Amino acid sequence: MQLDTETTVTLALLIRALADVAMNDRVSDPVIANLLNIAHWQAARFGLTGALFDPETLTTTPAAEAVRKAFDHARPALLRTGDADRVHQGLCRLLKWGTGSEEQRREVAIKGTGGLLEFASHRLTDISHDESRHYAATL
């Protein structure tokens, strides 16, 4: 679950662009389902702090590199829709601050389950939070 609108939009736009590129790329071989299951597990378990599956090399790579490659792969579709800058900024924010699950794990470690519930409630209802995270980063 994403904790803010901007992250949700960033990921939705990236996924749409990746799907667009995949539909138009008849050359690439599909990734084996078991490898995708492993990739999903890695992403869920380690977020952006660990290594993620690289479908080009069929190995793991640092998360920041995997995110950069995904963005580069999706770039043609993102440019066509005018979403490249927004997705780039959103991905940079995620790499800097972490994913919603990483934030939630930090809160549990610091304040326990009660603190997590308070944190999630605040994040899900505070619409000003999205605008409060300005940053300068690059992929």
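In this chain, residues are counted from 1 in sequence order. Computed from a predicted structure; not experimentally measured.
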Q. With sequence neighbours excluded, what pairs up with A66 under the side-chain contact (heavy atoms from CB on, under 4.5 Å) test?
A. L52, T61
Check: residues 8-16 side-chain donor-acceptor pairs under 3.5 Å, at least two apart:
unit_1 : atom_1 : unit_2 : atom_2 : d
T8     : OG1    : D4     : O      : 3.1
T10    : OG1    : E6     : O      : 2.9
R16    : NH2    : D83    : OD2    : 2.6

Q. Hey, what do you get for CZ (F46) to CD (E102), rounding to the nearest 0.5 Å?
A. 11.5 Å
Q | Steps toward side chain to side chain contact (heavy atoms under 4.5 Å, CB included) verdict (F53, L35) | A | CA-CA 8 Å; F53 179 72; L35 292 177; 4.0 Å; yes
Q. Going hydrophobic residue to hydrophobic residue with side-chain gaps under 4.5 angstrom, can you get from V21 over to L91?
A. no
Q.
Show every salt bridge (Lys or Arg N to Asp or Glu O under 4.0 Å) that has at least one partner inside residues 31-41, sequence neighbours left out.
A. none
Q) Say you draw a straight line from CD of E103 to CH2 of W97; how long is it, rounded to the nearest 0.5 Å? A) 9.0 Å
**Q.** Distance-minimising heavy-atom pair for A63 and G47
**A.** CB-O, 4.1 Å
Q. Quick check: are there more than 12 heavy atoms from other residues, nucleotides or ligands sitting under 6.0 Å from CD1 of I32?
A. no
Q | Heavy-atom closest pair, residues L79 and A84 | A | CD2-CB, 3.7 Å
Q: Tell me, please, which residues at least two apart from D72 pass salt bridge (charged side-chain N to carboxylate O under 4.0 Å, His left out).
A: R68, R75
**Q.** Partners passing salt bridge (charged side-chain N to carboxylate O under 4.0 Å, His left out) against R105 (at least two apart in sequence or in another chain)
**A.** none
Q | Euclidean distance, Q104 CD relative to T113 OG1, rounded to 0.5 Å | A | 11.5 Å
(Q) Show me the pairs that pass side chain to side chain donor-acceptor pair (under 3.5 Å) and involve residues 40-53, at least two apart or across chains. (A) none
Q. Can you check side chain to side chain contact (heavy atoms under 4.5 Å, CB included) on F119 and V108, steps first, answer last?
A. CA-CA 9 Å; F119 169 79; V108 167; over 6 Å; no
Q) Looking only at atom types and distance, does a side-chain atom of E118 sit under 3.5 Å from a main-chain N or O of G115, one as donor and one as acceptor? A) no
(Q) Using the rule given for side chain to side chain contact (heavy atoms under 4.5 Å, CB included), can you reason through L116 versus K111, listing the C-alpha separation, both sets of side-chain angles and the distance that settles it, and then say yes or no? (A) CA-CA 7 Å; L116 170 63; K111 298 179 184 174; over 6 Å; no
Q. Can T60 and D54 be said to form a side chain to side chain contact (heavy atoms under 4.5 Å, CB included), step by step?
A. CA-CA 6 Å; T60 56; D54 182 340; over 6 Å; no
Q) So do V67 and L94 actually touch side chain to side chain, heavy atoms under 4.5 Å? A) no
